[in-house]
There are 2 protein chains.
Amino acid sequence: MCIDCAEQRPLLAHPLPFTNVMSHQPSSTPHRILSAVPLASSAQAPIPRGGRELDKFFKALSDQTRRSILRLLRHRELSVGEIVGNFRLSQPTISRHLSVLKEAQLVTDSRSGQHVMYRLSPEELARGAGRFFIHFDECQDLLTRG
Amino acid sequence: MCIDCAEQRPLLAHPLPFTNVMSHQPSSTPHRILSAVPLASSAQAPIPRGGRELDKFFKALSDQTRRSILRLLRHRELSVGEIVGNFRLSQPTISRHLSVLKEAQLVTDSRSGQHVMYRLSPEELARGAGRFFIHFDECQDLLTRG
DNA sequence: TGAACCTCCGACCTAGCGGTTATGAGCCGC
DNA sequence: GCGGCTCATAACCGCTAGGTCGGAGGTTCA
């Protein structure tokens, strides 16, 4: 699926390695040329493909509690009870935050006896970020070169 | 300011080049050691420093319209009217989205006669991303190596 | 099987977000 | 200065998000 349009022409691989998003054009020559004047009333808002996934991705990251949970899971998996012990919030609240993170595929879970263990999905973190920052050449430079 | 604590000991430069965040510890040896058992009731939720800025950053990015505005501004600055012309939304709605983006420092504006021109701040995009992903070694690898 | 434990789900409340219309403030040309 | 264009702000409204509590469901173990 082209990230810039819905055409079915052959796709070019994108120079950035950490994403599988592809376009018909190399990133330095944008596919959509913006007109200086407002588009006609029939114009669609330029919603990029994959917006739903990016919504989930950034919505999940836009809450401080959820970001803290991700940081807790940096180096090893934890059960729900262990995560709850690090916050002042109730267990159902943490459980719902975890379901949001799981919905965004930022964490995965598995049952281990009585406990449900949660662990980070760092590749999904990188993939989501890549899918967005792919649109910003200068950002790519800053992120990849420093 | 250390990203892991509030101590005033000398700071180490972080190996990642695209951020000025520094810690007392290299990234492979986390500053906070997590206990396997829940912390005491007096434990604070592990809110990282700079959470307010990250809140603004991800909240600004968590809306599809705002992401579309950022993509519109990829290659040249635009006036409010030009931006409005690319959406089905009213001018005050777009104006408020722009103020959210400006609050998050993702765009800057300047008056040019009757018009107010908005342009991207790609370095802030990269800085915000860096400030977050600095906590995830595997992500860093994926983002910087591919 | 029944008790104890861990986790998730449903109902509910409140706050904030994203949308609208109406109005006000800043520049321009006449 | 006045009228018109451009943009920001205020007031309002509906919906979603995030918090609580109570209870259901699944697992372990005696």
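Naming convention: chains lettered A, B, ... in sequence-line order (proteins, then strands); numbering from 1 in each chain.
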Not counting sequence neighbours, which residues clear side chain to side chain donor-acceptor pair (under 3.5 Å) with A/Glu124? List them please.
-> A/Arg127
How far apart are the C-alpha atoms of B/Leu72 and B/Leu78, what are their side-chain angles, what is the distance that settles it, and do they pass the side-chain contact (heavy atoms from CB on, under 4.5 Å) test?
-> CA-CA 8 Å; B/Leu72 279 176; B/Leu78 293 172; 4.1 Å; yes
What is the 5' to 3' range of DNA chain C, first to last nucleotide, that sits under 4.0 Å from any heavy atom of chain B?
-> C/dG18 to C/dC28
Considering all heavy atoms, the nearest B/Phe136-A/Leu70 contact = CE2-O, 3.6 Å
When the distance from CD of B/Glu82 to C1' of D/dC5 is rounded to whole Å, what number comes out?
-> 15 Å
Between B/Phe132 and B/Phe58, ring centroids under 6.0 Å = yes
Whole angstrom is fine here: how far is it from CZ in A/Arg88 over to C1' in D/dG18?
-> 18 Å
Which residues share a salt bridge (charged side-chain N to carboxylate O under 4.0 Å, His left out) with A/Arg111, sequence neighbours left out | none
Base, sugar-phosphate, or nothing for A/Ser99, non-hydrogen atoms under 4.0 angstrom?
-> nothing
Measure the distance from CZ on B/Phe58 to P on D/dA17 and round it to the nearest whole Å.
-> 18 Å
Picking from D/dG19, D/dA10, D/dT6, the nucleotide nearest the side-chain atoms of B/Gln114 would be D/dT6
Tell me: CD of B/Gln91 to P of D/dG4, nearest whole Å?
-> 19 Å
A/Gln64 atom CD is separated from D/dA17 atom P, nearest whole Å, by 19 Å
N/O (side chain, A/His97) to phosphate O (OP1/OP2, D/dG18) under 4.0 Å | no
Separation of D/dC15 P from A/Asp55 CG (nearest whole Å) = 19 Å
Is there a donor-acceptor pair closer than 3.5 Å between any side-chain N or O of A/Ser99 and the backbone N or O of A/Arg96?
-> yes
Could you list the residues that satisfy side-chain contact (heavy atoms from CB on, under 4.5 Å) with B/Glu77, not counting sequence neighbours?
-> B/Met117, B/Arg119
Does any residue of residues 101-112 of chain B have a heavy atom under 4.0 Å from DNA chain C, and if so, which ones, in number order?
-> B/Arg111
According to a strict under-4.0 Å criterion, is B/Arg96 in side-chain N/O contact with OP1 or OP2 of D/dA10?
-> no
For D/dT20, does either OP1 or OP2 sit under 4.0 Å from a side-chain N or O belonging to A/Ser90?
-> yes
For A/Lys59, which residues count as a side chain to side chain donor-acceptor pair (under 3.5 Å) partner, sequence neighbours excluded?
-> none
Starting at the 5' end of DNA chain C, which residue's closest nucleotide do you reach first, A/Tyr118 or A/Lys59?
-> A/Tyr118
To the nearest Å, how far apart are A/Asp63 CG and D/dT16 P?
-> 18 Å
Assign each of B/Arg66 and A/Val80 to its nearest nucleotide of DNA chain C by heavy atoms, then name whichever residue's nucleotide is nearer the 5' end.
-> A/Val80
Any donor-acceptor N/O pair, A/Arg67 side chain to A/Leu61 backbone, under 3.5 Å = yes
